[in-house]
Amino acid sequence: MSDTALHSPPGPIRSHDWGSASARKRVKRRYMHDRILQWVGLGSIGTGVVLLLILLSSLVSTGLPAFQTTKVALDLFIDPSLVSREDPGKGNFRKITRDAFAKYFPDVTSRSDKRQLYKIMSSGAPFNVRKHILKNPELIGQNISYAVPLSDPYDQLHKGVIPRQIEALSRGQQQLGEQLKQRRLLSLEDGKTAANLTIFINPELVNAEDPAGGDFAPMLAEAIRAIFPRASPTITRDILAPDAADTVKQTVVEAPALIGKTLQLKVPVSQNFDNLFRTGEAMIDNPRFGDPKVFAWYDSLAERNLLQSNFSIELFTNADSRFPEQAGLLGAIAGSFFSLVVCFLLSFVAGIAAAIYLEEFAPKNKFTDLIEVNINNLAAVPSVVFGLLGLAVFLGTFGMPRSSPLVGGMVLSLMTLPTIIIATRAALQAVPPSIREAALGVGASRHQVITHHVLPLAMPGILTGTIIGLAQALGETAPLLLIGMNAFIPSIESIGILEPATALPTQIFSWADSPERGFVSRTSAAILILLGFLFIMNATAIYLRQKFERRW
Amino acid sequence: MADVTPSTSKKKSGKAKPAPKGKAKAPEAKTNGNSTDATGLRTKTDRPLTSSRQDLALDQSTKISSSDVCVFYGDKQALFDVNVDILSNHVTALIGPSGCGKSTYLRCLNRMNDVIDIARVTGNIIVDGIDIYDPDVDVVELRARVGMVFQKPNPFPKSIYENIAYGPRIHGLASSKSDMDEIVENSLKRAGLWKEVHDRLHEPGTGLSGGQQQRLCIARAIAISPSVILMDEPCSALDPIATAIVEELIEELRQNYTIVIVTHSMQQAARVSQRTAYFHLGYLVEYGETDQIFQAPKDERTQNYITGRIG
Ligand SMILES: Nc1ncnc2c1ncn2[C@@H]1O[C@H](COP(=O)(O)OP(=O)(O)OP(=O)(O)O)[C@@H](O)[C@H]1O
Ligand SMILES: [Mg+2]
């Protein structure tokens with residue numbers, strides 16, 4: 001820092017030749033890098049958009065049917081002898097509903113047929129009628145028209161989600177058939193397919209004195225195994241007709257001299273294989289529908305225009321149910337709502353307070369640095385860990401109500417808190433220091449500077465961060481599972497902040513686990529609804545940001 | 001750098017002279033520059049400012065007196081032993097090259113440096129007989145009495161009315177709505193902004209032009225009736241017309257307030273101030289009557305600066 005160094009004039013201005021070869025090369029490379037950067041970005045966005053579209057379209061295509069319910073209109077007579085006016089809740093709605101349904105099928109009389117018939121109707125139908133009558137008790141003693149849902153298989157059948165007939169043979173079985181065909185072991189006998197097998201009539205299994213008493217099935221199995229050495233032993237039963245052994249028996253009874261010999265014999269194949277070979281496909285009635293007779297009954301309902309397909313308001317107003325056609329999301333939506341409210345109240349207040357303290361009041365020292373680092377770390381802790389913490393502390397130590405939205409919200413707020421603190425601190429930092437100085441300059445105290453000037457300016461950022469945190473919390477599953485917030489809540493009466501509850505993501509989780517076909521589309525529908533809520537929340541964040549954003 | 005360090009020798013010099021100067025009616029101080037003998041008294045830092053302050057302590061018109069003020073930003077010292085007495089109802093200009101510590105000194109006077117974590121202030125600053133760095137001093141009250149206008153106009157992102165009303169409201173200066181309206185109107189009038197904004201008081205203050213915003217900030221500062229107004233380059237962002245308005249305003253405000261103004265414009269300092277302090281690399285080099293500083297600077301560095309050879 002000598003005086004001369006400080007005061008010596010700058011060196012001469014250098015000139016640069018933009019036309020030189022190296023300069024032109026550099027310019028070209030610069031353009032190329034710009035373009036590469038652009039392409040990489042475009043490519044990533046394109047991939048993202050395509051994947052998103054695939055996800056959405058698959059969700060929509062599987063989920064849309066769940067927004068419709070198929071119902072059958074019933075003419076119900078609310079018999080006062082079955083439903084008393086004093087205590088309508090105890091009424092025999094099962095009989096009322098079944099009788100009304102049976103009226104459509106006067107010629108179905110046998111008990112077992114009736115049992116099959118009632119399966120077309122949802123098992124929950126009597127409860128739907130009961131609910132309707134409890135709401136409108138004046139209907140007792142009257143004839144009313146009321147539509148009840150069909151049971152899941154027929155609901156799905158009506159929507160075209162599941163077919164009447166399915167392929168009878170598995171892919172593996174079809175391949176076996178294909179091999180038989182290629183080896184020319186099949187032939188058509190009297191319009192039936194027969195397999196041309198090389199059978200060794202094992203003298204240990206049949207004796208000449210009593211050929212009819214022989215055990216021929218193992219010989220057939222042996223013959224099949226010779227063709228397919230590695231296939232499972234059950235394929236003999238799959239490929240050959242049940243009377244194949246009888247064909248062998250007959251042959252041996254007619255010519256006992258064959259015992260101990262190997263012979264070529266054409267034995268009939270099973271019905272499914274026969275269909276496969278002759279028509280190219282083997283279909284059977286979908287086993288979900290029990291007796292084939294029910295198809296006729298179902299068709300007659302459809303022909304009489306008794307079936308109606310409506311927007312399924314029940315998806316939003318019903319609680320969960322074992323029957324997919326009755327299952328709704330109200331319990332899950334309420335559970336999610338309550339836990340988000342708890343989560344919001346806790347994390348918004350605590351988050352903003354913590355952020356303000358750290359940003360505006362805390363001295364800058366090792367200890368506050370440590371706190372800052374740990375808050376950032378907390379934001380990255382897997383949510384399942386917070387679930388375990390909630391399980392151990394809230395449920396274990398404090399004995400709070402298990403499965404309740406209160407505890408769910410508390411666990412979620414542990415997760416949202418760091419997000420909100422970080423967002424709030426960023427928003428506070430973004431408030432220009434000139435505004436603080438202006439306020440301090442007119443003699444505002446610290447809390448006045450913060451509450452009158454800094455917080456209002458930081459609010460859009462804080463709200464955006466909060467809503468993003470809450471949106472994360474809305475989609476969080478693992479911590480809720482750990483505190484048991486995936487309870488089965490079949491009744492909307494037991495919805496409350498301290499009651500066992502479920503939430504949207506956990507509901508999706510349990511529905512996705514259910515085997516009924518109807519739950520597959522309900523799962524997608526629930527995901528769509530969850531995405532809808534997330535969309536609304538994020539749109540709110542954008543709206544708030546634009547509404548409150550001010551220029552300075 | 002050692003050469004700039006103020007020496008504390010020659011304590012005695014000029015002891016007798018300051019009294020008559022101080023007794024002169026402050027508002028009419030413009031003519032002070034003529035008496036060169038008087039100006040030499042309390043000006044240069046290598047003269048004992050402490051001694052002159054003792055003289056001025058008797059003088060009713062000393063508003064702010066600072067002695068041995070040092071400011072550190074972390075380990076870096078930004079101000080070295082600054083001794084300045086600022087007179088009531090005077091405009092005092094702080095000039096000097098960029099980075100010499102003018103803003104730093106100005107911010108000491110209402111403890112705005114408290115906001116900067118790494119800043120540390122030593123020495124004494126007495127405002128109206130009170131040591132403002134005393135732990136018992138209420139900073140909020142101090143800042144209400146020592147108002148500040150910042151280099152960059154920084155109105156609140158609120159309405160013009162709210163900008164002015166905010167200070168009086170938090171200090172409880174207005175007893176009623178009409179009282180507040182009066183404060184707002186008077187402040188805007190005094191800042192020369194009333195005519196332009198009286199019909200749009202409820203529009204955002206940030207929607208005004210830069211010069212109007214600066215005057216709004218001045219109105220905001222005077223709305224809480226401070227006795228001292230600190231201005232940090234209030235005209236650096238303004239065009240000549242707006243600058244002229246602000247300068248007129250400063251001249252008017254001097255009747256009622258004590259004003260300390262940082263400026264990079266020598267002409268402005270000469271136009272608006274009665275006293276000028278020249279800072280260099282953190283040292284107060286010279287302080288005295290404005291006319292004397294500009295016409296007969298005692299220090300070579302001052303001479304170089306005002307003639308444009310430094311800075
Ligand atoms: N917040 C800060 N942190 C660290 N150093 C600072 C800070 N503010 C000012 N300084 C340093 O203190 C010195 C004086 O700064 P100051 O702002 O007082 O200069 P100035 O005279 O107002 O200059 P200018 O005319 O450019 O505004 C400078 O060297 C600057 O780098
Ligand atoms: Mg400055």
Side-chain angles (χ1 to χ4, degrees), chain A residues 1-9 356-369 371-372 425 427-462 545-552, chain B residues 1 3 103 106-107 110-118 138-158 162-173 187 204-207 213 216-217 219-226 229-232 281 309-310:
Chain A
M1 281 277 265
S2 71
D3 225 32
T4 44
L6 274 176
H7 293 197
S8 67
I356 287 179
Y357 176 76
L358 288 174
E359 202 50 50
E360 307 280 339
F361 291 101
K364 298 273 170 289
N365 57 28
K366 288 253 163 57
F367 181 66
T368 46
D369 282 352
I371 289 182
E372 176 161 4
R425 291 189 68 176
L428 291 177
Q429 275 165 8
V431 173
S434 65
I435 298 294
R436 282 167 220 264
E437 291 195 328
L440 287 171
V442 295
S445 66
R446 267 171 149 186
H447 92 266
Q448 286 168 333
V449 173
I450 293 165
T451 53
H452 297 167
H453 300 284
V454 176
L455 267 190
L457 290 176
M459 224 4 120
I462 296 176
R545 151 144 260 148
Q546 283 178 351
K547 174 141 189 261
F548 288 116
E549 194 148 69
R550 289 190 236 193
R551 311 256 153 253
W552 50 70
Chain B
M1 280 193 167
D3 56 330
S103 301
L106 197 70
R107 293 165 62 92
N110 67 346
R111 289 184 58 178
M112 273 315 254
N113 284 330
D114 291 11
V115 184
I116 302 169
D117 290 318
I118 55 169
D138 178 31
V139 187
V140 166
E141 190 193 322
L142 170 73
R143 293 196 186 127
R145 299 202 302 130
V146 182
M148 189 158 194
V149 177
F150 296 85
Q151 175 169 352
K152 226 179 98 201
N154 55 354
F156 300 130
K158 302 184 176 189
E162 263 312 302
N163 261 282
I164 314 257
Y166 179 70
R169 181 173 309 129
I170 58 173
H171 297 303
L173 300 185
S187 309
T206 39
Q213 287 189 17
L216 179 64
C217 293
R220 182 176 66 190
I222 57 186
I224 47 175
S225 316
I229 301 178
L230 311 175
M231 297 182 168
D232 194 347
L281 296 175
R309 261 172 278 169
I310 311 182

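The basis for the numbers below is simple: all heavy atoms, side chains too, and nothing from hydrogens, waters or symmetry mates. Proteins get letters first, then strands, A, B, ... in listed order; numbering begins at 1 in each. Computed from a predicted model, the values in this text were never measured in an experiment.
- Evaluation of the salt bridge (charged side-chain N to carboxylate O under 4.0 Å, His left out) test over residues 430-439 of chain A, restricted to residues two or more places apart or in two chains, returns A:Glu360-A:Arg436, A:Glu437-B:Arg107.
- Contacts from residues 441-454 of chain A to chain B, taken as heavy-atom pairs separated by less than 4.5 Å, involve A:Gly441, A:Val442, A:Gly443, A:Ala444, A:Ser445, A:Gln448, A:His452, A:His453 in sequence order.
- In this structure, CE in B:Met148 is found 4.5 Å from CG in B:Leu106, a value given to the nearest 0.5 Å.
- Applying the salt bridge (charged side-chain N to carboxylate O under 4.0 Å, His left out) test to B:Asp114 and every residue at least two apart in sequence or in another chain returns B:Arg111.
- Under the 3.5 Å distance criterion, the side-chain polar atoms of B:Gln213 are left unmatched by any main-chain donor or acceptor of B:Asn154.
- Taking B:Arg169 as the reference, B:Glu162, B:Ala165, B:Met180 meet the side-chain contact (heavy atoms from CB on, under 4.5 Å) condition, with sequence neighbours excluded.
- Looking at B:Val115, only its side chain comes within 4.5 Å of chain A, counting heavy atoms on both sides.
- Proximity to chain A involves both the backbone and the side chain of B:Ile170, based on heavy atoms less than 4.5 angstrom apart.
- In this structure, the side chain of B:Asn110 does not engage the main chain of B:Arg143 through any donor-acceptor pair within 3.5 Å.
- We find the CD-CG distance between A:Glu372 and A:Leu358 to be 7.5 Å, quoted to the nearest 0.5 Å.
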